[in-house]
Amino acid sequence: MPSTALRTDPDAPLIEAHDVSLSFGGREVLQHVDLSLRSGDIITLIGPNGAGKTSLLRILLGLQVPTSGSVARRPGLRIGYMPQRVAIDPVLPLTVRRFLGLGGRYGRAQLIAALEESGVPHLLDQPVQSVSGGEMQRVLLARALLREPDLLVLDEPAQGVDVTGQGEVFRLIAQLRDRHGCGVLMVSHELHLVMAAADSVLCLNRHVCCTGRPEAVSRHPEYLRLFGPMDTRGLAVYTHHHDHHHAPDGSAIYDDPDKTPCDECVHGDRREEAR
Amino acid sequence: MDDFLLRALAGGIAVALVAGPLGSFVVWRRMAYFGDTLAHSALMGVALGFLLGISHNLTVIVVCLALALLLVGLQRQRRLATDTLLGILAHSALSLGLVAIAFLHDVRVDLVAYLFGDILAVTQTDLYWIYGGAICVLAVLALIWRPLLSITVHEELARVEGVPVTLVTLVFMLLIALVIAVAMKVVGILLITSLMIIPAAAARRLAATPEQMAALAGAIGCIAVAGGLWGSLRWDTPAGPSIVVAAMLLFLLVYALPRSVAKQG
């Protein structure tokens with residue numbers, strides 16, 4: 001693909017969301033979310049279930065139209081997308097080779113190179129239904145890489161991968177960023193590992209709770225307790241100042257009762273107001 | 001061999017050759033009941049053809065396509081499950097067709113021929129329609145093969161990768177409508193989907209790639225047509241249902257084959 005003039009400006013964001021809100025049937029899923037991602041960035045979306053992480057990803061990918069707000073992409077932006085779960089019905093006879101070929105026309109050498117990069121070159125001629133969940137994640141990563149993406153979008157890349165494999169997946173993603181210089185946007189639940197690979201973390205709970213860089217100081221000993229000293233190479237734990245916690249319905253409860261929401265962190269919970 | 005038999009065989013083979021590959025997609029996309037619903041609406045198309053005094057083939061295509069679009073629109077409502085919607089539309093469409101035809105006092109309509117096919121009455125003109133339609137469908141299917149396969153495997157991934165999902169899906173529905181229009185004469189409205197699904201399902205056990213499955217489905221369909229016609233002559237049974245019975249027997253035969261013959265692919 002020929003490079004466009006716009007590509008010569010490395011500082012221009014690859015993709016930008018501006019004041020994006022989304023509601024389904026009166027229920028607000030996302031409230032005034034801003035996000036900007038540049039080449040070489042790794043941004044990870046974290047947050048509880050129902051926080052709108054996948055919805056935000058879908059809006060950025062153009063799969064979902066936001067209720068309000070806008071998304072700007074750099075012209076000619078090529079996205080490599082790795083969806084959360086791909087289950088292919090056994091009634092469709094499909095090898096990994098053919099699966100990879102669905103994304104474009106590639107030679108055998110290219111296919112093998114992409115599978116080698118994601119660590120599963122031996123799967124090339126296997127039926128796609130016979131590969132395990134963890135292997136499938138790597139096959140999906142290979143399909144995304146074949147597109148030579150400017151932006152890699154990963155929805156829970158370590159899902160279905162065992163705990164040791166998860167560390168590997170995140171290291172692989174960081175390596176790919178270094179090698180290809182692409183931007184990476186991902187959703188993950190594996191907080192303890194996310195921190196090792198991400199440059200920037202965006203904590204979402206319908207609104208943007210906070211964004212920040214992972215730091216070396218552990219403020220979440222429960223993750224270490226849960227997962228032990230397992231993969232601590234390059235591990236950093238994200239710390240940020242939270243001035244509030246959340247009620248079960250997602251509305252904000254401030255630690256300091258006198259404090260009101262700041263502009264960047266608006267907790268406009270409509271259901272709360274309706275009561 | 002008599003002329004009418006040759007015409008029946010020629011028409012049936014053409015229909016089987018298209019129904020196989022298209023039916024493979026119907027099976028892969030789990031659209032069996034969807035196809036059935038569209039086929040059921042074909043009778044409304046026939047009635048409309050009588051009303052307007054134009055070719056049934058055209059009106060059947062138009063009605064099937066309109067119903068397909070209606071279904072896609074209704075599915076977006078998310079109030080009623082898809083199978084409920086299909087159940088409502090399939091039977092309403094068939095009943096509406098039957099009622100509409102009952103209102104046509106001037107014409108005598110051989111309902112059984114429309115419902116179960118009348119392959120032995122295939123005329124030279126029918127053959128032109130069947131072959132024209134079959135060639136069109138196969139050519140367009142070849143054109144949209146890769147994007148359609150990509151959508152079938154994962155629609156959102158295909159969309160992100162730049163596949164025009166809506167356009168390709170619409171073209172696919174148009175192809176199903178076309179096949180229903182041309183296959184109606186051979187196996188009838190009630191049995192059309194069987195000619196798409198049974199050969200494709202049988203082919204699955206022998207195929208290692210999507211293309212092999214599509215081609216084998218076409219071949220198995222042809223054998224079913226020939227076998228069904230032969231059986232129909234031999235035992236004086238209705239031709240359309242005999243073809244479906246032959247397809248079913250082939251399906252059973254394939255699944256009775258030893259495991260070593262089957263492909264895992």
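In the text below, chain A, chain B and the rest are named by the order of the sequence lines, each starting its count at 1.
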Taking all atoms of both residues into account, what is the closest heavy-atom pair of R143(A) and S150(B), and its distance?
NH2-OG, 3.4 Å
How close do R146(B) and G104(A) get, heavy atom to heavy atom, and via which atoms?
NH1-C, 2.9 Å
Test side chain to side chain contact (heavy atoms under 4.5 Å, CB included) applied to [X] and [options], the passing residue:
{"X": "V91(A)", "options": "R30(B), R29(B), R204(B)", "answer": "R204(B)"}
{"X": "P93(A)", "options": "M213(B), Q212(B), E211(B)", "answer": "M213(B)"}
{"X": "L157(B)", "options": "L102(A), L140(A), L63(A), L61(A)", "answer": "L140(A)"}

Kindly indicate, with the supporting measurements, whether the criterion side-chain contact (heavy atoms from CB on, under 4.5 Å) is fulfilled by W28(B) and D89(A).
CA-CA 7 Å; W28(B) 296 331; D89(A) 200 304; over 6 Å; no
Show, in sequence, the C-alpha distance, side-chain angles and deciding distance for R159(B) and Y81(A), and conclude whether the side-chain contact (heavy atoms from CB on, under 4.5 Å) test is met.
CA-CA 10 Å; R159(B) 202 183 281 272; Y81(A) 172 45; over 6 Å; no
Most heavy-atom pairs under 4.5 angstrom with chain B, which of M82(A), R147(A), R58(A)?
R147(A)
With a 6.0 Å cut-off (strictly less than), is the heavy-atom count around NE2 of H122(A), excluding the residue itself, greater than 12?
yes
Does CZ belonging to R105(A) count more than 12 external heavy atoms closer than 6.0 Å?
no
Please report the interatomic distance CG(L149(B)) to CG(L94(A)), rounded to the nearest 0.5 Å.
6.0 Å
Excluding sequence neighbours, so at least two apart, what forms salt bridge (Lys or Arg N to Asp or Glu O under 4.0 Å) with D125(A)?
R97(A)
Should R78(A) and E161(B) count as an ion pair when the cut-off is N to O under 4.0 Å?
no
Quick one: what part of I79(A) sits under 4.5 Å from any heavy atom of chain B, side chain, backbone, both or neither?
both
